[in-house]
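Per chain, numbering begins at 1; letters A, B, ... match sequence-line order. All of these numbers come straight from a predicted model, not from anything done at the bench.
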Amino acid sequence: MRVRFAPSPTGIPHVGNIRTALFNWLFARHHGGSFILRIEDTDVARKVKGALEAILDSLRWLGLDWDEGPEVGGEYAPYFQSQRLEIYQGVVRRLVEQGDAYLCYCSPERLEEMRREQMRRKQPPGYDRRCRELSEREKAELEAKGITPVVRFKTPLSGAVKFNDLIRGDVVFDCATIDDFVLLKSDGYPTYHLANVVDDHRMKISHVLRADEWLSSTPRHILLYDALGYEPPEFAHLPMILGNDRAKLSKRHGATSVMDYQKQGYLPQAMVNFLALLGWSLDDRTELMSREELIKNFSIERIGKTGAIFSQEKLGWMNGVYLRQLSIEELVEHAMPFLERGLPKSVKRPISGDYVCQIMPLIQERMRTLAEGAELASFFFVERLDYEPALLLERGLTRERALKALETAKERLESCPFEASSLEGVLRPLAAELGLKTGEFFGLLRVATTGHTAAPPLFETMAVLGRERCLKRIEAALERLMDRA
RNA sequence: GCCCCCAUCGUCUAGAGGCCUAGGACACCAGCCUUUCAAGCUGGAAACAGCGAUUCGAAUUCGCUUGGGGGCACCA
């Protein structure tokens with residue numbers, strides 16, 4: 001079994017592209033086959049700088065290692081189509097000699113005009129085959145004008161192309177609906193159709209797993225395989241991943257680039273698990289699966305047919321699950337870069353690993369992404385808390401009672417051991433002593449020490465913050481309340 | 001316009017004629033837990049697009065309709 005992921009470096013890979021890569025990879029690993037990475041860089045004009053690296057980085061981040069391709073080489077190198085031009089040109093020459101392809105001298109302007117006219121007449125757009133049967137004289141004349149021709153495939157005028165898709169079943173296309181598509185562009189580069197077929201054959205690809213959008217070009221490919229005398233591979237067209245509007249995923253759907261998810265602090269194992277479930281399922285209940293379990297269970301038979309909307313919500317939930325499964329050491333390791341990057345500039349670097357080790361248990365179950373973790377942890381680090389003084393009186397406390405409570409708390413905390421259970425032992429009775437409900441008193445202390453009304457458990461938090469920080473913050477809270485008068 | 005594909009809760013899906021008064025998950029709502037927020041637990045609301053046909057019996061088979069998507073470049 002040999003499968004490939006064949007992206008074109010014309011942009012940053014989005015989750016749809018990578019889901020295709022993942023399915024190919026899972027299929028290869030499940031069957032002990034090979035996963036080949038081939039770069040289809042045949043569009044010089046649309047080539048984007050940095051796209052290749054983004055593709056490689058995305059695959060590496062998710063752990064989708066390739067057996068042949070860029071950086072690792074392989075028996076069928078090169079794996080960049082731009083380095084295989086002579087191969088395609090040779091094949092095209094043969095096709096022309098066989099009479100299965102022909103040179104076309106039509107100008108882009110004429111083609112454009114033709115298409116416009118067809119659209120206007122509500123006819124299906126397509127090449128009108130003007131150059132299909134040119135005489136030698138006509139060819140010579142056009143040649144003399146210095147026009148560089150393209151090469152088109154001579155599609156049969158009648159008949160049908162039938163093939164079996166592993167996911168869709170039998171699919172039939174009428175040849176009459178397929179025009180004479182271009183094989184070789186005037187710049188000497190092949191089109192996708194040609195290069196793809198030639199390379200899949202030469203690289204001995206056994207199964208083509210690609211997005212559904214390719215289904216309607218498959219008959220062209222079958223026609224090419226036939227003309228070249230190649231045995232076509234098995235095809236499996238994967239359901240597409242859609243945006244919230246159910247349209248094909250594209251740039252305007254927001255953060256769809258895989259690397260964006262890495263930047264936001266999603267874990268690769270969560271991403272892999274989530275993506276695997278978009279269009280594939282194991283059974284009626286299993287959702288959380290490790291990479292090994294996915295490999296073990298993956299099968300084309302269980303790939304669905306309907307497009308799937310990419311749900312940020314569920315990915316977030318799943319990422320939270322994976323985050324909670326990490327040991328504190330692993331979590332700290334993953335979180336450190338996000339803290340370095342996400343904490344306010346005013347916080348001194350480097351950030352203390354020991355301190356972070358104490359903090360992480362308190363926010364682990366509260367974050368869905370690592371970037372969110374940096375926000376949740378921010379108050380542990382900043383020098384001065386920034387919050388509305390009114391938050392201190394959130395629970396309906398009067399200023400006087402709040403002042404009294406904070407002052408008393410401050411006194412008691414001067415001497416109390418700074419450990420969660422001791423703090424509770426001191427503060428809980430103090431609430432009663434002050435005649436406050438625990439919720440009122442703890443809420444007040446929470447805002448004073450963290451600047452938030454929602455935060456990790458108070459006593460653990462105070463213990464981690466330490467006596468010095470807590471006392472300073474309580475003093476600052478007292479000042480705020482005074483200023484308010 | 002033409003060709004192709006698809007159609008179960010808001011979303012991801014299970015379901016391959018009776019096991020379905022349609023199961024799970026996310027999100028949502030309620031309750032519990034609780035010093036807040038989470039997490040956790042319990043419960044709830046929520047779907048077979050429509051119409052015909054086949055059959056003793058249809059979410060599952062067939063047809064039509066409707067809806068959605070994709071393709072129709074010297075882009076992939």
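- Among the atoms of the strands shown, none is found under 4.0 Å from any heavy atom of A:P239.
- If you check every strand for non-hydrogen atoms under 4.0 Å, A:R368 touches sugar and phosphate atoms only.
- Contact of the A:E372 side chain with the A:F338 side chain is not registered, since no non-hydrogen atoms from C-beta on lie closer than 4.5 Å.
- Using N1 to N3 plus N6-O4 or O6-N4 for Watson-Crick, or N1-O2 and O6-N3 for G-U wobble, each under 3.5 Å, B:U61 pairs with B:A53.
- Non-hydrogen atoms lying under 4.0 Å from RNA chain B are contributed by A:L277, A:L278, A:G279, A:S281, A:D283, A:D284, A:R285, all within residues 274-285 of chain A.
- One interatomic measurement links the two molecules: CZ of A:R46 to P of B:A76, which rounds to 7 Å at whole-angstrom precision.
- Base pairing annotation: B:A16 forms no Watson-Crick or G-U wobble pair, as no partner gives both donor-acceptor distances under 3.5 Å.
- Within the nucleic acid shown, A:T286 has no heavy atom closer than 4.0 Å to any nucleic acid atom.
- Under the 3.5 Å distance criterion, with hydrogens and angles disregarded, a donor-acceptor pair is assigned to the side chains of A:R210 and A:T218.
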Quiz item: Could you write nucleotides 64-69 of chain B as a row of B, S and -, 5' to 3', where a protein heavy atom under 4.0 Å of any base atom gives B, of only sugar-phosphate atoms gives S, and otherwise -?
Solution: -----S
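- A straight line from CZ of A:F310 to P of B:U11 spans 16 Å, rounded to a whole angstrom.
- Here the P atom of nucleotide B:C12 and the CG atom of A:N273 are 17 Å apart, to the nearest Å.
- A donor-acceptor contact under 3.5 angstrom links the side chains of A:T286 and A:D283, judged on distance only.
- A salt bridge (charged side-chain N to carboxylate O under 4.0 Å, His left out) with A:D180 holds for exactly one of A:R130, A:R129, A:R152; it is A:R129.
- Backbone-only contact: A:I309 has heavy atoms under 4.0 Å from sugar-phosphate atoms and none from a base.
- Contact check on A:E113 versus A:R116 returns a salt bridge, with a Lys/Arg side-chain nitrogen under 4.0 Å from an Asp/Glu carboxylate oxygen.
- For A:R168 against B:C5, no side-chain N or O and base N or O form a donor-acceptor pair under 3.5 Å.
- Remark: A:K185 is in phosphate contact with B:C75, judged by side-chain N or O atoms under 4.0 Å from OP1 or OP2.
- Nucleic acid contact for A:R302: sugar-phosphate only, since backbone atoms but no base atoms lie under 4.0 Å from a heavy atom of the residue.
- Under the Watson-Crick or G-U wobble criterion, with both distances below 3.5 Å, B:A22 is left unpaired in every strand shown.
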Which pairs, protein N/O on one side and nucleotides 2-4 of chain B N/O on the other, fall under 3.5 Å?
none

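- Of the listed nucleotides (B:C12, B:A25, B:G71), B:A25 has the atom at the smallest distance from the side chain of A:W317.
- When the C1' atom of B:C72 is taken as reference, atom CE of A:M114 falls 11 Å away, rounded to whole Å.
- Between the side chain of A:S8 and the backbone N or O of A:D41, no donor-acceptor pair lies under 3.5 Å.
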